[in-house]
Number of protein chains: 2
Amino acid sequence: MQKEISQAVIRRMPRYYRYLGELLDDGVERISSNELSVRMKVTASQIRQDLNNFGGFGQQGYGYNVQYLYEEIGKILGLDRQHNIIVVGAGNMGQALANYVKFEKRGFVITGLFDVNPALAGLSVRGIEIHMMDELPEFLKTQRVDIAVLTLPKEKAEQAAEKLVELGIHAIWNFAHLDLELPDDVVVENVHLSDSLMQLSYNIVRRQDDK
Amino acid sequence: MQKEISQAVIRRMPRYYRYLGELLDDGVERISSNELSVRMKVTASQIRQDLNNFGGFGQQGYGYNVQYLYEEIGKILGLDRQHNIIVVGAGNMGQALANYVKFEKRGFVITGLFDVNPALAGLSVRGIEIHMMDELPEFLKTQRVDIAVLTLPKEKAEQAAEKLVELGIHAIWNFAHLDLELPDDVVVENVHLSDSLMQLSYNIVRRQDDK
DNA sequence: TAGATTGTTAATCGATTAACAATC
DNA sequence: TAGATTGTTAATCGATTAACAATC
């Protein structure tokens, strides 16, 4: 088992990936930690320190090859493989995510939508069928699912999460406004939109008070 | 001007608010930092340290009054006032957010949707009209807008953000997949969904590799 | 009053930044 | 080779945890 890498570092990796992708699009071939630090508004030291958690991707006197580093970070983030995704909760948010095609380019493929609302049964979003929750066991028997996106209201989310884990799901992208209590081997990533909005609100109020 | 409070602390405040709200719903009158720490899986020390950034809300030998603390954190987060919001980008994500009524309960009221796509002109979501971007100056002249939600694709987002700031917007909730370069007095809160998904992906891959 | 628990200071831990020897 | 820039160790800074005196 490799040494544990702090979540602070992990959180920065997608941002590096994004900037390197832009550099690649701009036809930039090599970049030094210093140049990159100016663009990204972080220290060059942090960039080198972060990358060296995963390996020595650079070369003294030269810097980093953009293409190579981009691909390596992609691999670190698991973007070199396909992730099959189901969306549990086919309301507005679930449908919006299902319609978002950019994820697919990165290997995140939505293969099914699920809901409890019978009014949605048989409908589909961008060609992806909406199933009822009771079809889930059969669905998971016949195909691999790597990630379940949880976009149910919080009253239904806890129970659905437990069901998902019971059926063998090991990764949940949780949009419900609660902390899921699940076994340790289940990976959960939370998107708490209202927390984010409150943070914004705090910063607005503070700016006004400071004046 | 009060002393600067770290963003690490701010990020935790909405979570305290959520747990206190649940306690309130459960009819709990008082709670000690220790009891709360068990529920929230953080240290009691951190709770007391965090809260004391804003004031002494507790009482020795008693703990914290749930109702009182809930309200005080609400005030800190600016939930005691109304925030008028416009959504710029009336695609799937914009419409999903406009349909999400829970924000309204916390004082975040969406008063208009904007887009550049003429096909959407005149339509409305949950009674909120979709305007064209060129109506924005007039709209902002006639009513107060505190927050602009940016749900445009990244190619259009930068320009729209500049326009918004030019027209007097000081707070942006940014869902576009880029870092906005805006003046210091503009508050930006980012929701980078693909970053979040990549973090999840990283943790999935790592768990598999560890085995 | 005695017991409980805060508010706050001090100690520890971890993350960031600086410095520089290694090396391309 | 000389110059540039990494990889990595050491120093600093900030955040978290522990401890305890203050006090309800």
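Just so we're clear, the structure is a prediction, and the values are computed from it rather than from any experiment. Every chain is numbered from 1, with letters handed out A, B, ... down the list of sequences.
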Task: Contacts of B/Ser6 that satisfy side chain to side chain contact (heavy atoms under 4.5 Å, CB included) - sequence neighbours left out - done: B/Ala8, B/Val9

TODO: Write down the distance between CD1 (B/Ile10) and C1' (D/dA15), rounded to a whole number of angstrom.
DONE: 14 Å

Open item on the list: Could you tell me if the side chain of B/Leu36 sits less than 4.5 Å from the side chain of B/Leu23, heavy atoms only?
Closed with: yes

Task: Distance, rounded to the nearest Å, where A/Leu36 contributes CG and D/dT5 contributes P - done: 13 Å

TODO: Would you kindly compare A/Gln59 and A/Gln7 by the position of their nearest DNA chain C nucleotide and give the one closer to the 5′ end?
DONE: A/Gln7

TODO: Name all pairs fulfilling the side-chain hydrogen bond (donor to acceptor under 3.5 Å, both in side chains) condition that reach into residues 149-167 of chain A, sequence neighbours left out, sorted by first residue then second.
DONE: none

TODO: Kindly write out the residues that satisfy side chain to side chain contact (heavy atoms under 4.5 Å, CB included) with A/Ser33, not counting sequence neighbours, or none if the list is empty.
DONE: A/Ala44, A/Ile47, A/Arg48, A/Tyr64

Open item on the list: Using a 3.5 Å limit on both distances, find every run of at least three consecutive Watson-Crick or G-U pairs that involves DNA chain D.
Closed with: C:3-24 with D:3-24

Open item on the list: Using whole Å, what does the distance between atom P of nucleotide C/dT5 and atom CG of B/Leu51 come to?
Closed with: 16 Å

Open item on the list: Just the rounded figure in Å: distance from P of D/dC24 to CZ of B/Phe57.
Closed with: 17 Å

Open item on the list: Using a distance-only criterion (donor-acceptor N/O pair, under 3.5 Å, no hydrogens), is the base of D/dT9 paired with the side chain of A/Gln49?
Closed with: yes

Show me, pair by pair, the donor-acceptor contacts under 3.5 angstrom made by side chains of residues 177-186 of chain A, not counting sequence neighbours?
unit_1, atom_1, unit_2, atom_2, d
A/His177, NE2, A/Ser194, OG, 2.9
A/His177, NE2, A/Asp195, OD1, 3.2
A/His177, NE2, B/Arg18, NE, 3.3
A/Asp179, OD2, B/Arg15, NE, 2.9
A/Asp179, OD2, B/Arg15, NH2, 3.1
A/Asp179, OD2, B/Tyr19, OH, 2.7
A/Glu181, OE1, B/Lys41, NZ, 2.6

Open item on the list: Going by the rule side-chain hydrogen bond (donor to acceptor under 3.5 Å, both in side chains), which residues pair with A/Glu71 if we only count those two or more places apart in sequence or in a different chain?
Closed with: A/Gln67

Task: Those residues that, when tested against B/Asp50, pass side-chain hydrogen bond (donor to acceptor under 3.5 Å, both in side chains) (two or more places apart) - done: B/Arg12, B/Tyr16

Task: Contact list for DNA chain C against residues 15-35 of chain B - heavy-atom distance below 4.0 Å - done: B/Arg30, B/Ser32, B/Ser33

Report each atom pair, protein N/O against N/O of nucleotides 19-21 of chain C, whose distance is under 3.5 angstrom.
unit_1, atom_1, unit_2, atom_2, d
C/dA19, N6, A/Arg48, NH2, 3.2

- [ ] Measure from CG on B/Asn65 to C1' on D/dC24 and round the result to the nearest Å.
- [x] 15 Å

- [ ] Establish, with yes or no, whether the OP1 or OP2 oxygen of D/dG7 is under 4.0 angstrom from a side-chain nitrogen or oxygen of A/Tyr64.
- [x] yes

Task: Pairs flagged by side-chain hydrogen bond (donor to acceptor under 3.5 Å, both in side chains) wherever residues 73-83 of chain B is involved - sequence neighbours left out - done: A/Ser201-B/His83, A/Gln208-B/Arg81, B/Glu72-B/Lys75, B/Gln82-B/Asn84

- [ ] For A/Ile5 and C/dA15, give me the distance from atom CD1 to atom C1', rounded to whole Å.
- [x] 14 Å

Open item on the list: What is the separation between atom CG on A/Leu69 and atom C1' on D/dT6, rounded to the nearest whole Å?
Closed with: 13 Å

Task: Atom-to-atom span, CG of B/Asn52 to P of D/dT16 - whole angstrom - done: 15 Å

Please output the side-chain donor-acceptor pairs of residues 101-113 of chain A that fall under 3.5 Å, not counting sequence neighbours, one pair per line with the distance.
unit_1, atom_1, unit_2, atom_2, d
A/Glu104, OE1, A/Arg126, NH2, 3.3
A/Thr111, OG1, A/Ile85, O, 3.3

TODO: Could you list all the side-chain hydrogen bond (donor to acceptor under 3.5 Å, both in side chains) pairs where at least one residue sits in residues 23-32 of chain A, not counting sequence neighbours?
DONE: A/Ser32-A/Glu35

TODO: Search all heavy atoms of B/Leu200 against all heavy atoms of A/Ala171 and return the closest pair with its distance.
DONE: CD1-CB, 4.3 Å

